[in-house]
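The shown structure was predicted, so the numbers you read here are calculated from the model rather than taken from an experiment. Counting starts at 1 for both ligands and their atoms, following the listed order.
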Amino acid sequence: MLIFKERASLTAYLLTLRTEGKTIGFVPTMGALHEGHLSLLETAHGAADQVVCSIFVNPTQFNDPEDFKKYPVDTDEDIRRLLAAPVNVLFLPAVNEIYDQGTGALARYPFGRLESLLEGAYRPGHFQGVGQVMGRLLGIIPADYLFMGQKDYQQTLIVNELIGLLNIKTKLVTCPTLREADGLAMSSRNVRLSPEARGKAPFLYKTLLFVRDHLEQMPLEALIVRATAQLEQEGFKVDYLVIADKTLTPLTEPAAAPMICLVAAWLEGVRLIDNLLLS
Ligand code: AMP
């Protein structure tokens, strides 16, 4: 595995590979790697000739400075894991390598309604930050395929929009959410859960399953109220629990087209998100 810290040398290297006819699969991460990240790398390995992984904790997507400060960083352990994974290139830039003009006064992307609903409503500016970093990373890494997790479903819609705005040929591949044996979606933030909160956390996924299994037995609005109440009873503070279509338009009646249930909730100071395709 080659490690690059400078964007110019990485771009030059990848362009050489492309002239040799090699396809490039890209997996962007913020480190603190877990099996979920590794599954994206495996999928990339199956689809592209060369797999590029980036580790960059992007300051512009943290609306809460405390969350940024507390974000787990263990680069040595990440590199150790990547050495055992099918990765050809690791990009490990410093902040000024990505934001060479600083992080103030960045241009805004016109993401429209997508950036202000659900996660966007609770994390103002978050998706502009995602756009900023992904726009830059995709400018540095000429990826044929980009692999991202369904766990961050709204993020995949934003990045798809970004790819259209940038008018590039990169194809976004959305990969399934990897879960712990008890159903909790793997996340770098899970290490911040106390043992007690860790014990309760799988109830988030159980609630998504409850919604899926009761779709035909209750009106959607009543089902949402019931599921939210169950979470609150278990000690979660719910930011949102919605049933929507795949474009994130909330539904009040069951639809024949695919539906998705999305949830974000706090458990003892840790914010967890998850979602489940319902049909
Ligand atoms: P992060 O490091 O949290 O920014 O995540 C990097 C990528 O890994 C994103 O595309 C996430 O959606 C994806 N990801 C995070 N958790 C999981 C998971 N449990 N299963 C599959 N992909 C995941």
Margin query: If the condition is salt bridge (charged side-chain N to carboxylate O under 4.0 Å, His left out), which residues does Arg179 pass it with, not counting sequence neighbours?
Written below: Asp274
Checklist line | Common cluster, Leu92/Val52, ILVMFWY with side-chain heavy-atom separation under 4.5 Å | finding: no
Item checked: Protein residue, atom and distance nearest to atom 12 (O) of ligand 1, heavy-atom basis -> Asp152 OD2, 2.6 Å
Next item on the list: Start with the C-alpha gap between Arg198 and Asp182, add the side-chain angles, then the distance that decides, and say whether salt bridge (charged side-chain N to carboxylate O under 4.0 Å, His left out) holds.
Entry: CA-CA 10 Å; Arg198 176 64 189 82; Asp182 57 13; 3.0 Å; yes
Check: If you measure from CZ on Phe68 to OG1 on Thr60, what distance do you get to the nearest 0.5 Å?
Finding: 9.5 Å
Notebook entry, point to check: With atoms numbered from 1 as shown, which atoms in ligand 1 lie under 4.0 angstrom from a non-hydrogen atom of Thr29?
Noted result: 2 (O), 6 (C)
Next item on the list: Could you find the nearest protein heavy atom to atom 3 (O) of ligand 1 and give me its residue, atom name and distance?
Entry: Tyr71 OH, 3.8 Å
Next item on the list: Say whether Phe147, considering both its backbone and side-chain N or O atoms, lies within less than 3.5 Å of an N or O atom on ligand 1.
Entry: no
Next item on the list: Could you tell me which residues satisfy side chain to side chain donor-acceptor pair (under 3.5 Å) with Arg271, sequence neighbours excluded, listed by chain and number?
Entry: Glu119, Asp239
Checklist line | Nearest-contact summary for atom 5 (O) of ligand 1 - protein heavy atom, Å | finding: His37 NE2, 3.4 Å
Checklist line | Contact atoms of ligand 1, heavy-atom distance to Thr177 under 4.0 Å | finding: 19 (N), 20 (N), 21 (C)
Check: Please state which protein non-hydrogen atom is closest to atom 6 (C) of ligand 1 and give its distance, to 0.1 Å?
Finding: Pro28 O, 3.3 Å
Next item on the list: Rounded to the nearest 0.5 Å, what's the gap from CG on Leu223 to CZ on Arg212? Could you check?
Entry: 12.5 Å
Notebook entry, point to check: Is ligand 1 under 4.0 Å from a heavy atom in the side chain of Ala32, in the backbone, in both, or in neither?
Noted result: neither
Next item on the list: Would you kindly specify which portion of Leu40 sits under 4.0 Å from ligand 1, judged on non-hydrogen atoms: side chain, backbone, both or neither?
Entry: side chain
Notebook entry, point to check: Tell me: protein heavy atom nearest atom 20 (N) of ligand 1, and distance?
Noted result: Leu178 N, 2.8 Å
Next item on the list: For Lys206 and Glu234, run salt bridge (charged side-chain N to carboxylate O under 4.0 Å, His left out): C-alpha distance rounded to whole Å, both residues' side-chain angles, the deciding distance at 0.1 Å, then the answer.
Entry: CA-CA 12 Å; Lys206 291 208 179 79; Glu234 200 66 17; over 6 Å; no
Checklist line | Location of contacts on Cys175 toward ligand 1, heavy atoms closer than 4.0 Å | finding: neither
Next item on the list: Can you spot which of Val173, Val27, Thr156, Leu172 makes a side-chain contact (heavy atoms from CB on, under 4.5 Å) with Leu146?
Entry: Leu172
Notebook entry, point to check: How long is the gap from NZ on Lys151 to CD1 on Ile273, to the nearest 0.5 Å?
Noted result: 4.5 Å
Next item on the list: Could you list the atoms of ligand 1 found under 4.0 angstrom from a heavy atom of Pro176?
Entry: 20 (N), 21 (C)
Item checked: Structural part of Gln150 in contact with ligand 1, heavy atom criterion under 4.0 angstrom -> neither
Next item on the list: Give the numbers and elements of all ligand 1 atoms closer than 4.0 Å to a heavy atom of Gly36.
Entry: 18 (C), 20 (N), 21 (C), 22 (N)
Check: Within the distance-only criterion (no hydrogens, no angle test), does the side chain of Asn88 pair as donor or acceptor with the backbone N or O of Met1 below 3.5 angstrom?
Finding: no
Next item on the list: Specify the protein heavy atom at minimum distance from atom 9 (C) of ligand 1: its residue, its atom name, and the distance to 0.1 Å.
Entry: Gly149 N, 3.9 Å
Note to self: I'd like to know if Arg179 contacts ligand 1, where contact means a heavy-atom distance under 4.0 Å to any ligand atom.
What the structure shows: no
Checklist line | Side-chain donor/acceptor of Asn275 to backbone N/O of Gln150, under 3.5 Å | finding: yes
Check: Would Val89 end up clustered with Met148 when hydrophobic side chains under 4.5 Å apart are linked, directly or stepwise?
Finding: yes
Margin query: Just to be sure I read this right, does ligand 1 sit under 4.0 Å from the backbone of Glu35, its side chain, both, or neither, counting only heavy atoms?
Written below: neither
Check: Met30 heavy atoms, cut-off 4.0 Å: which ligand 1 atoms fall inside?
Finding: 1 (P), 2 (O), 4 (O)
Notebook entry, point to check: Counting heavy atoms only, which of Met186, Arg189, Gln61 is nearest atom 19 (N) of ligand 1?
Noted result: Met186
